[in-house]
Amino acid sequence: MHARCSTDTVAPRPHSVRESPARCRRRPEAASRVGGIATSPPSVGAYGWSRLPAGYEISGRTRGIAGWLWLAAILCAVSGQGEPATRSVPWDLGTLDAAPKWTFLERPKIEGVRALTFEGVPYRGKPTRVFAWLGLPTVSPGEKVPAMVLVHGGGGTAFEEWVQLWVGRGYAAIAMDTCGQIPAGHYGRWFRDDQGGPPGWGGFDQLDQPRTDQWTYHAVADIILAHSLIRSLPEVDPDRTGVTGISWGGYLTCIVAGVDLRFKLAVPVYGCGFYQDTVFANNLDKLEPSAAARWLESWDPSVYLPEAAMPILWVNGSNDFAYPLGAMQRSYRLPLGPRTLCVRLRMPHGHGGAGENPEEIRVFADSVLKAGTPLARITSSGRKGTSAWASYVSPVPIVRAELNITRDSGRWQDRRWEALPATLADGQVNAPLPEGTRVYYFNLFDERDCVVSTEHEVVAADSAPARVLHVAADGDDAHPGTEAEPFRTLERARDAIRAVKQRDALPAGGVEVRIHPGEYRVTQTFRLGAEDSGTAAAPVTYRAVGREAPRFTGGVRLSSFAVVEDTAVLARLPESARGQVWSADLAGAGVTEVLPFTLGGFASGRGFRTHPAMELYVNGEAMTLARWPNEGFVKTGEVPGPLTLTAWDRRPGAPRDVSGSTGIVPRAGSKNRTPGCTGTGSGTGPIRTRRSSGSIWTGARSCWQNPGTPTATGKASVTTP
């Protein structure tokens, strides 16, 4: 699928200009480089690892390794124009704008990039350090290159391949870890630095901590510090820097775009604001309402995006599982600067090629930071009746266009999209909207195969149902099914809909059954048939509502347990168990039919013709039926040497080695069967045997004589030479 992007022109709107904090201007004196990269003065005591995975090592004077070179002096001149910013942000931007102390690591070694750590902000009153990969392209003396700051997403860490990608494009690049980790281990389970900051993601469980000890605070601070670090390098032009992040990294990019105004561009991939409208709403739903509101006020990107004035490229997919188009649209309408949209049909979600390599990201960065040829720009768009249109300008010829539509409603993640042809003529694209279109947008492809997208427009909003029925765990099926007097069961709601259909057709807009949180006991399968179907114009919908999901269970909750005192039962228990066995009255709990426990299997005389046994669950975990031994198996005995088996299947044959082979079960009722054999098969059947650590194991069938046991259970015998 082609990458899809667009640029929408946003007219400047009135706003109060807020000065960013006065930035320190750093002038390196006697600057030196290691491998072409300048370093700042190290402190081995501050940076020494107290524990490291294999393959990681710090260089430093204490190890006798020459080459600790640093910027001898850093002068900070504060501009006298304007007052420091008064924006309400938790970060001390005056401090973060200065390059942090940092040092290279000897290991890990990767071609074309260097590993380093830099000082982060304190966590719980203690210093922190941040791992990063840093790369520079080959530069001529005095040459300066643009730079990119790369922010990984959930499950990730600092990725050296991402840095190499941008170095190959002629950029300096830095990728830092935002969760107190280093890239040792594997995806989602990286080695944690014992001097790292708080773990990710989201910090939903950290709201009781000071804001300066929460994950988002540290992650954003780490990005700003990495930006200050790379801007301080002599090879980097500090006025040509950008930031891009993937998923949770896109979320952080949105915040940073409104906080660190030194960036000249931002590219959030997938990530956006309005978390109450994303897949992460479930994390907010688990919080108390006041705590959820506090998280949104502190850490939702929508709080910071209105301050972003740089060009922003928004990259996402039509069906992204985490960041749907609705939340994305609300987010990209907030910033002050121009926006470019890249919305790909069914774009996969991930690091690597999916989120790092879309060509539009490179073209966009080159156009802003290298004066390269830009992407196309959407100048206006709209709809007249059933015809949609958009106007555009492009320095590169647009070779084709498509109209993307969906006729579906409901969750953005689940909607099906169709790509239909559109007509190009004189800087405008046109296409008719098919009947049933609910949402649409255009994609314009240029001859570089780069794509720009218009904003999506909702043509027909999800219509409200004509009638709503309510089901609640504490309801009553004698009720009318209103919100104040809900039904008790799904069956009652289903039957009410059937009655409506029998009296008359379903009303336009259909019927929605809203199932409220609670525990619902079920005794039979809930069945829906053809007679329960709705139509496109009058759908029948069953929907869970509320902060908690409803729970349907076939079990019965037992609460009245008491210590067993019945003398007949106590007589069956060992002395040590008496007084420790509890019982509950099942009949009193409503369980009136208790089937006897019946064994099944070949030795039961019933084959597998039995019924399921009741199970007891404690805290959601199934309890093990009383057995011996409590765990594992019991061996029948040790076997000293090779094994042979004589098969009684009425065929002549000498004893043979049966390790790993198939033996024969005697025919039930045959003359070769002895009274001790309890097998019930009507013919012969195979059984596997295998050797393991000096033991012979067989399937759990009868009619086998086990070595070391006194009684034979069949005519087949296992012998040893």
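Because the structure is a prediction, the values reported are computed rather than measured. Computation of the quantities below employed the complete heavy-atom set of this structure, encompassing side-chain atoms and omitting hydrogens, waters and symmetry-equivalent molecules.
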>> If you compare all heavy atoms of Trp314 against all heavy atoms of Cys272, which two are closest, and at what distance to 0.1 Å?
In response: CZ3-CB, 4.2 Å
> Taking all atoms of both residues into account, what is the closest heavy-atom pair of Leu558 and Ala584, and its distance?
Replying inline: CD1-CB, 4.5 Å
>> I'd like to know if Asp495 and Arg492 make a salt bridge, using a cut-off of under 4.0 Å between side-chain N and carboxylate O.
In response: no
>> For Pro348 versus Tyr270, what's the shortest heavy-atom pair and its separation?
In response: O-OH, 2.7 Å
> Is there side-chain contact between Leu150 and Phe159, with heavy atoms separated by less than 4.5 Å?
Replying inline: no
> Looking only at atom types and distance, does a side-chain atom of Arg211 sit under 3.5 Å from a main-chain N or O of Trp91, one as donor and one as acceptor?
Replying inline: no
>> Show me the pairs that pass side chain to side chain donor-acceptor pair (under 3.5 Å) and involve residues 468-481, at least two apart or across chains.
In response: His470-His516, Asp477-Thr489
> Between Leu334 and Phe274, is a side chain to side chain contact (heavy atoms under 4.5 Å, CB included) present by the stated rule, with each step listed?
Replying inline: CA-CA 11 Å; Leu334 291 177; Phe274 296 97; 3.8 Å; yes
> Mind checking what makes side chain to side chain contact (heavy atoms under 4.5 Å, CB included) contact with Val303, not counting sequence neighbours?
Replying inline: none
> Under the 3.5 angstrom rule, does the side chain of His152 hit a backbone N or O of Gly245 as a donor-acceptor pair?
Replying inline: no
> With distance as the sole test, does Asp177 use its side chain to make a donor-acceptor pair with the main-chain N or O of Pro183 at under 3.5 Å?
Replying inline: no
> Which value, rounded to the nearest 0.5 Å, describes the distance between Ser533 atom OG and Leu528 atom CG?
Replying inline: 8.0 Å
>> Looking at Arg294 and Pro289, would you say the former's side chain and the latter's main chain have a donor-acceptor pair under 3.5 Å?
In response: no
>> Are there over 12 heavy-atom neighbours, none belonging to Glu485, within less than 6.0 Å of that residue's CD?
In response: yes
> Would you say Glu356 and Val269 make side-chain contact, with heavy atoms under 4.5 Å?
Replying inline: no
>> Considering only residues two or more places apart or on different chains, which pairs with a residue in residues 564-573 satisfy side chain to side chain donor-acceptor pair (under 3.5 Å)?
In response: none
>> Quick one, Leu570 and Val564 - any side-chain contact, counting heavy atoms below 4.5 Å?
In response: yes
> Does any pair with a residue in residues 509-519 pass salt bridge (Lys or Arg N to Asp or Glu O under 4.0 Å), and if so which ones, sequence neighbours excluded?
Replying inline: Glu512-Arg514, Glu512-Arg543, Glu519-Arg551, Glu519-Arg557
> Do Arg346 and Ser318 touch side chain to side chain, with heavy atoms closer than 4.5 Å?
Replying inline: yes
> Sub-3.5 Å donor-acceptor pair from the side chain of Thr553 to the main-chain atoms of Gly555, do we have one?
Replying inline: yes
> Could you walk me through whether Val581 and Leu573 pass the side chain to side chain contact (heavy atoms under 4.5 Å, CB included) check?
Replying inline: CA-CA 9 Å; Val581 178; Leu573 300 176; 3.8 Å; yes
>> Contact between Asp408 and Trp417 at the side-chain level, heavy atoms closer than 4.5 Å - yes or no?
In response: no
>> So, applying ring pair (Phe, Tyr, Trp, His ring centres under 6.0 Å) with Tyr275, which one of Trp201, Trp295, Phe204 is it?
In response: Trp295
>> Determine whether Leu207 and Gln209 satisfy the following criterion, side chain to side chain contact (heavy atoms under 4.5 Å, CB included), listing intermediate values before the conclusion.
In response: CA-CA 5 Å; Leu207 283 169; Gln209 304 297 321; over 6 Å; no
>> As a test of understanding, state which of Ile497, Thr482, Ile515 forms a side-chain contact (heavy atoms from CB on, under 4.5 Å) with Leu469.
In response: Ile497
>> Between Glu119 (side chain only) and Arg129 (backbone N and O only), is there a donor and an acceptor less than 3.5 Å apart?
In response: no
>> Applying side chain to side chain contact (heavy atoms under 4.5 Å, CB included), can you list everything that pairs with Val591, at least two apart in sequence or on another chain?
In response: Val556, Leu586, Val594, Met614
> What is the minimum heavy-atom distance between Gly250 and Pro268, and which atoms define it?
Replying inline: O-CB, 3.7 Å
> Looking at residues at least two apart in the chain, or sitting in another chain, which of them share a salt bridge (charged side-chain N to carboxylate O under 4.0 Å, His left out) with Asp532?
Replying inline: Arg498
>> Measuring from atom NZ of Lys286 to atom CG of Asp205, what distance do you get when rounded to the nearest 0.5 angstrom?
In response: 10.5 Å
>> Checking Ala622 now: which residues fulfil side chain to side chain contact (heavy atoms under 4.5 Å, CB included) with it, not counting sequence neighbours?
In response: Glu615, Tyr617
> Just by distance, do the side chain of Asp193 and the backbone of Gln181 share a donor-acceptor pair under 3.5 Å?
Replying inline: no
> Is the CD atom of Glu531 crowded by more than 12 outside heavy atoms at less than 6.0 Å?
Replying inline: yes
Determine all donor-acceptor pairs shorter than 3.5 Å in which one atom belongs to a side chain in residues 624-634; sequence neighbours excluded.
from	atom 1	to	atom 2	distance (Å)
Arg627	NE	Pro629	O	2.5
Arg627	NH2	Pro629	O	3.0
Arg627	NH2	Gly632	O	2.7

> Do the side chain of Thr128 and the main chain of Val121 share a donor and acceptor less than 3.5 angstrom apart?
Replying inline: yes
> Backbone N or O of Arg416 within a donor-acceptor pair of the Thr406 side chain at under 3.5 Å?
Replying inline: yes
>> Quick check: closest heavy atoms across Pro486 and Glu483, and the distance to 0.1 Å?
In response: CD-O, 3.8 Å
>> Once rounded to the nearest 0.5 Å, what's the spacing between atom CG of Leu616 and atom CD of Glu621?
In response: 10.5 Å
> Who passes ring pair (Phe, Tyr, Trp, His ring centres under 6.0 Å) against Phe552, sequence neighbours left out?
Replying inline: Tyr520
>> Show the nearest heavy-atom pair for residues Val513 and Val471, with the distance to one decimal.
In response: CG1-CG2, 3.8 Å
>> Is the shortest side-chain heavy-atom distance between Pro517 and Pro550 below 4.5 Å?
In response: no
> Does a side-chain N-to-carboxylate-O contact under 4.0 Å join Glu491 and Arg494?
Replying inline: no
>> According to side chain to side chain donor-acceptor pair (under 3.5 Å), does anything in residues 212-222 pair up with another residue at least two apart or in another chain? List the pairs.
In response: Gln214-Trp299, Thr216-Tyr251
> Do Leu506 and Lys501 come close enough that some side-chain heavy atom pair is under 4.5 Å?
Replying inline: yes
>> Before you tell me yes or no, could you show the steps for Tyr323 and His349 under side-chain hydrogen bond (donor to acceptor under 3.5 Å, both in side chains), namely the whole-Å CA-CA distance, both residues' side-chain angles and the distance that decides it to 0.1 Å?
In response: CA-CA 10 Å; Tyr323 299 93; His349 187 111; over 6 Å; no
> How would you list, by chain and number, every residue that makes a ring pair (Phe, Tyr, Trp, His ring centres under 6.0 Å) with Phe561, sequence neighbours excluded?
Replying inline: none
>> I'd like to check the ring pair (Phe, Tyr, Trp, His ring centres under 6.0 Å) partners of Trp412; sequence neighbours left out, ordered by chain and number.
In response: His456
> Between Met328 and Asp320, does a side chain to side chain contact (heavy atoms under 4.5 Å, CB included) hold up when you go through it step by step?
Replying inline: CA-CA 10 Å; Met328 180 186 173; Asp320 192 72; over 6 Å; no
> Side chain of Ser331, backbone of Gly273: donor and acceptor closer than 3.5 Å?
Replying inline: yes
> Do the side chains of Phe131 and Trp190 get nearer than 4.5 Å, heavy atoms only?
Replying inline: no
